[in-house]
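Just follow the structure's listing: the first ligand is 1, and inside any ligand the first atom is 1.
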Amino acid sequence: MQKVLILDFGGQYNQLIARRVREQNVYCELHPHGMSIEAIRNFDPIGIIFTGGPGSVYLEDSPKPDPQVFELGVPILGICYGCQLMAQMLGGSVTAAQEDTAREYGKAPAFFDGSCALFASIGGESMTWMSHGDYIAALPDGFSAAAQSAACPTAAICDEKRNFYGVQFHPEVQHTERGREILRNFLYGICDASGDWTMEDYKTRMIEEIRAKIGSGKALMAVSGGVDSSVAAALMAEAIGDRLSCVFVDHGLMRKNEGDEVEKALGHRLNLIRINAEDRFLSALKGVDEPERKRKIIGEEFVRVFEEAAHRIGAVDYLVQGTIYPDVIESGSGEAAVIKSHHNVGGLPDNVDFREIIEPLRMLFKDEVRQLGRELGLPETLISRQPFPGPGLAIRVIGEITKEKLDIIREADAIFREEMAAAGLDRSAGQYFAALTNMRTVGVMGDGRSYDYAVALRSVQTRDFMTADFTHLPWELLDRVSARIVNEVQCVNRVLYDVTSKPPATVEYE
Ligand code: XMP
């Protein structure tokens, strides 16, 4: 399989670059900029991309790749900092822009003269996304400028003889109008990619690999009904059938009907053991109102329930985890031992008898996991499910948890989700849910006074869940949801809509 290497110089869009490359059916990996030249040679890339980064290339300790990277005969595309780095390391010069000259943040139209292969299909003016305070003042030998913006005469540079290209703007960001096309030109026009990365092939290859690795051995995994664990389980089951045992711990903190839906979607294709542990979790959580303690108790209880089930199954050879590529990247080098302390379940069981961990989704981005799920024939309801936190509704019932409160929020949340879907907004909102505040207020129902709970609705738009904006939901929708909740759900007389962004708030309430 052909591979593109992305060297990471610390820019905020680095994962996005990798996703944009993969979207074009070319496999790539993101590695630290300090990757040794031997490792780069072994990786055997068809092309290399230098990412952006917050540094200034002329500073002593700014991150740089091994200079021999320019001698491999492999095409290189530098983006933003990566572009300046290439110019500087090959003999050009980079300087800080003076006030108002060559410094750009945000959208900037650039003029492409169409002279180089990277912009073969792009002539004339097109919008780009810029974010730089330095600029290339002098080009290295062999390079020419291929695009200009009003402030920056070197918005793109190229040396077609050596196949080195640089763009000052960010082609991976959607605000760059022709960004996708530019990356495509690099991959297909310059690196000669054949487009051999598809989820269909990945599925076939992984199934073979899993079979070869596991032989006649046994594997065990926890499934939560979330996208990652469901896809990992379906892939493993396709490879080794019922030698995979899946344990689904229903902690009683799921949304309305969710436990049954998970069982229905996965039960017939997996050797699935469902453990109904609601009583156990609720009694462990009794009287607890502090958010971190709730999480800790749930995590520990989960591991204990899982361990007990594992003991009944007996020794297994492999423990399967649904770790995905962003977890691997975020953990550091991409090579370090990454045993995701499964944030859904709060740590690895230390009492389960297994030889090795296997992570079949370790190299996939979330959208690829979804695509693989479709290849495996999982239902769309499971695949496009919005994220749901491991501790479940426990962190959406503020304060102490009781069965009664959980039932209230399950009903309110189901109404909100139903109406979001009916309004066609269920796919465009990043995450949305109802939470039960720990607050009771006075209301009037019929002719009487009520003293009931306030439900908070939350809906956010987000790219990565690190930051989020509240969704501008239509008033009519909020009106309908509010009317239905106070009418249909017992013990609720007030509905609030949360209009805080993250930061300063978080997505969840606890
Ligand atoms: P916050 O509340 O931190 O949430 O802004 C960001 C995203 O992470 C999810 N989340 C969790 N997921 N276990 C999980 O598996 C957790 O303990 C947890 N806490 C938050 C949250 O739903 C959102 O998608």
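Annotation: Gln431 places an N or O atom under 3.5 Å from an N or O atom of ligand 1; distance criterion only. Residue-to-ligand polar distances keep Phe388 apart from ligand 1: every N/O pair is separated by 3.5 Å or more.
Ligand-side atoms of ligand 1 in range of Lys502: 1 (P), 3 (O), 5 (O), 6 (C), range being under 4.0 angstrom from any heavy atom. The distance from ligand 1 to the heavy atoms of Val507 drops below 4.0 Å at these ligand atoms: 1 (P), 2 (O), 4 (O), 5 (O). Atom numbering of ligand 1 starts at 1 in the shown order; those under 4.0 Å from a heavy atom of Arg295 are 16 (C), 17 (O), 18 (C), 19 (N). Against a heavy-atom cut-off of under 4.0 Å, Pro391 is close to the following atoms of ligand 1: 13 (N), 16 (C), 17 (O). Those atoms of ligand 1 that come under 4.0 Å of a heavy atom in Thr506, given as number and element, are 1 (P), 2 (O), 5 (O).
Applying the 6.0 Å contact sphere to CZ of Arg205 captures more than 12 heavy atoms from other residues, nucleotides or ligands. Other residues, nucleotides and ligands contribute at most 12 non-hydrogen atoms within 6.0 Å of the CD atom of Gln490. Around CD of Gln174, the count of heavy atoms belonging to other residues, nucleotides or ligands within 6.0 Å does not exceed 12. The local environment of NZ in Lys218 is sparse, with at most 12 non-hydrogen atoms from other residues, nucleotides or ligands closer than 6.0 Å.
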Walk me through it: do Arg480 and Glu476 pass the test salt bridge (Lys or Arg N to Asp or Glu O under 4.0 Å)? CA-CA 6 Å; Arg480 221 169 18 251; Glu476 301 72 31; over 6 Å; no
Give the C-alpha distance, both sets of side-chain angles, the deciding distance and a yes or no for salt bridge (Lys or Arg N to Asp or Glu O under 4.0 Å) between Arg304 and Glu307. CA-CA 5 Å; Arg304 237 170 279 139; Glu307 280 173 352; over 6 Å; no
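Of the listed options Lys294, Glu508, Arg458, Glu510, Glu508 places a heavy atom closest to atom 20 (C) of ligand 1.
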